[in-house]
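This chain uses plain numbering: 1 for the first residue, then up along the sequence.
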Amino acid sequence: MRVAADREPNIPDSPCRRVGRCLALLAGILMLALVQPGSAEAQIKVRKADCYVEADGRIAINGVCEFLTDARSYGTGGFRLATYENGYLRYGVVVAVTSPGSGTATWNETPGGKPDEGPSEAVTSGGACWTGPRTRTCAWKIGEGRPGFAGGGVAPAPGIGAPRTADCLIEVRGAARIDGPCQFRVDAGQDGAGGFEVRSYARGGLDFIARLTRDPRDPQKATASWNERPGAPQATAPLGTLAPKGPCWEGAEARLCVWQAGQPRDASDRPGTDPGRAPPAETPPAATARPASPPVRRDNAGTETGETPPGMVLKLTFKGRCESLVVDGEDITASCAPTARNSSTTGSARAEFVFGTTDDREVSFLASAKGWVESGTLRQPIDEVMYEERGQSLLVKAKGVCEMPNPMGGPVVITCSAQTSNSTYTVRFRTDGGKPVLERSSPG
């Protein structure tokens with residue numbers, strides 16, 4: 001039976017009483033969706049900016065760069081800076097914001113590398129800059145200048161090149177000349193190439209000086225010099241060409257390493273422990289030799305571990321109360337277990353924080369870069385998260401940080417926060433103040 005064209009179904013007050021009206025309504029809805037600010041197109045914005053990026057004492061970017069924001073990937077306020085050469089990426093850094101004023105910086109150490117897959121560290125914001133122990137990342141609108149900025153490439157401001165205390169290891173022809181606290185100063189250089197100078201003091205006076213100057217044409221090359229004689233005021237004796245290796249610059253004649261004061265060193269960073277390094281060619285004269293005190297070995301929590309050999313797995317188990325646990329965006333605090341653990345391997349930067357549930361699920365925050373101790377609190381950058389349930393596991397890349405105060409002095413709060421490409425993992429665990437159980441085991 002055919003319904004006449006002028007007949008309409010009996011649908012009182014329907015907004016779609018005619019096909020034309022329905023199509024117009026649908027078109028309006030689609031148009032509204034397309035202009036919503038939450039759409040994918042509105043999330044990503046790219047513009048030019050005035051940028052400054054310094055990593056491990058080297059200036060990677062100093063001038064106009066590409067400034068990209070993507071709240072979905074980098075969090076609200078997060079961004080990526082990049083420079084290009086002949087159409088290809090040269091240097092880049094990503095700052096992912098995990099909470100107001102805190103985030104994680106990731107950068108490429110070599111030209112052309114992927115900044116998202118390079119080393120990472122926790123950073124905090126201050127003005128136009130995000131700063132960590134190894135990096136400083138700044139961005140301004142082009143033309144606004146760099147108000148209050150202290151760094152290379154601009155007119156001097158208060159604090160440029162100001163010395164600060166650091167932990168240094170300077171080896172010359174296999175002999176340690178500086179091994180411990182030093183005075184560290186960043187030197188941008190007249191050509192903006194960048195570099196640094198370290199000094200040590202003994203008996204109330206100047207001892208040794210070492211200086212590194214980066215090649216302005218190749219950021220992976222540098223030359224070094226030192227003062228050769230204790231107390232000599234100028235570092236004029238050449239030490240040859242060096243190349244970066246982790247926190248160090250290494251060459252045929254010398255190795256220069258700098259860490260933030262309190263940041264743990266790997267066992268291989270101590271003089272005489274590198275199996276690939278030839279023995280010293282000569283014994284330094286007694287007048288210039290500076291015997292180094294043996295290091296006190298500690299785990300990631302700052303606990304003395306005695307003469308634990310490299311490769312030993314150290315596991316700290318804590319008891320207490322889990323105050324919150326969010327896994328893949330889901331709040332599962334109600335089932336969070338009253339125990340947590342921190343594991344690390346001596347002689348390696350790898351570490352993990354592990355939290356479980358009463359129904360045998362487990363989430364691990366994994367690290368492959370060294371953490372550091374700041375004001376008594378371990379800050380550990382996180383680059384992966386593993387979730388395990390019923391014998392199945394899921395490993396995803398993430399950016400975040402775990403923080404743990406020294407657990408030996410009473411109750412402390414351990415926190416971890418990590419952001420994957422599409423979800424969030426966080427935990428807050430309060431220890432009961434009891435001494436954590438330390439277990440040692442061989443790897444594997």
Side-chain angles (χ1 to χ4, degrees), residues 50-65 81-85 88-93 105-113 115 118-119 121 129 131-138 146 149-157 159-164 166-172 177-178 182-199 208-227 234-260 269:
D50 180 19
C51 307
Y52 180 88
V53 176
E54 179 182 332
D56 296 327
R58 296 169 295 159
I59 300 173
I61 301 176
N62 188 17
V64 177
C65 79
L81 306 182
T83 56
Y84 296 83
E85 188 174 59
Y88 295 93
L89 184 140
R90 183 167 176 79
Y91 282 108
V93 59
T106 308
W107 67 98
N108 60 346
E109 291 185 295
T110 58
E121 66 171 7
C129 299
T131 306
R134 299 174 60 186
T135 63
R136 180 164 54 153
T137 303
C138 313
R146 299 179 176 184
F149 177 65
V154 295
I160 286 183
R164 64 178 185 267
D167 180 23
C168 299
L169 171 62
I170 308 300
E171 288 184 5
V172 178
R177 302 311 178 112
I178 300 177
C182 69
Q183 185 185 84
F184 172 83
R185 181 174 66 88
V186 173
D187 182 7
Q190 294 182 350
D191 57 5
F196 61 84
E197 179 187 90
V198 297
R199 297 182 175 219
F208 284 107
I209 307 173
R211 175 185 288 273
L212 181 137
T213 303
R214 187 165 62 98
D215 187 336
R217 297 164 299 180
D218 185 351
Q220 298 303 301
K221 274 186 179 182
T223 55
S225 59
W226 70 313
N227 62 345
Q234 300 293 330
T236 56
L239 292 173
T241 302
L242 292 81
K245 183 179 180 182
C248 303
W249 286 80
E250 297 188 359
E253 294 192 23
R255 179 163 66 148
L256 282 65
C257 311
V258 180
W259 300 264
Q260 181 178 347
D269 292 327

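Annotation for Leu239 and Glu253: closest pair O-CB, 3.8 Å, computed over non-hydrogen atoms. The two residues Gln234 and Ile209 have their closest heavy-atom pair at N-CD1, 4.4 Å. Considering all non-hydrogen atoms of both residues, Thr223 and Leu242 come closest at C-CD1, 4.4 Å. Shortest non-hydrogen contact noted between Leu89 and Pro115 is CD2-CD, 4.3 Å. Trp249 approaches Asp56 most closely through the heavy-atom pair NE1-O, 4.4 Å. Shortest non-hydrogen contact noted between Ala210 and Leu256 is CB-CD2, 4.2 Å.
Residues passing the ring-ring contact (aromatic ring centres under 6.0 Å, His included) test with Trp226 are Phe208, sequence neighbours excluded. Under the side chain to side chain contact (heavy atoms under 4.5 Å, CB included) criterion, Pro111 pairs with Arg90, Tyr91, Pro219, Gln220, sequence neighbours left out. Residues that satisfy the side-chain hydrogen bond (donor to acceptor under 3.5 Å, both in side chains) test with Thr135, not counting sequence neighbours, are Glu121. In terms of the side chain to side chain contact (heavy atoms under 4.5 Å, CB included) criterion, residue partners of Thr106 (sequence neighbours excluded) are, by chain and number, Thr104, Ser120, Lys399. For Ser225, the side chain to side chain contact (heavy atoms under 4.5 Å, CB included) partners at least two apart in sequence or on another chain are Arg211, Ala235. Looking at residues two or more places apart in sequence or on another chain, you find no side-chain hydrogen bond (donor to acceptor under 3.5 Å, both in side chains) involving Asn108.
The CG atom of Asn62 lies 7.5 Å from the CG atom of Asp50; values are rounded to the nearest 0.5 Å. Within the model, atoms CH2 of Trp259 and SG of Cys248 stand 5.0 Å from one another, a figure rounded to the nearest 0.5 Å.
With a 4.5 Å cut-off on side-chain heavy atoms, Asn227 and Arg199 do not count as touching. By the 4.5 Å heavy-atom criterion applied to side chains, Leu169 and Arg255 are counted as neighbours.
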> Could you go step by step and tell me if Cys51 and Cys138 meet the disulfide (SG to SG under 2.5 Å) rule?
Replying inline: CA-CA 6 Å; Cys51 307; Cys138 313; over 6 Å; no
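Exactly one residue among Arg134, Arg136, Arg214 makes a salt bridge (charged side-chain N to carboxylate O under 4.0 Å, His left out) with Glu54. That residue is Arg136.
With 2.5 angstrom as the limit on SG-SG distance, Cys168 and Cys257 do not come in below it.
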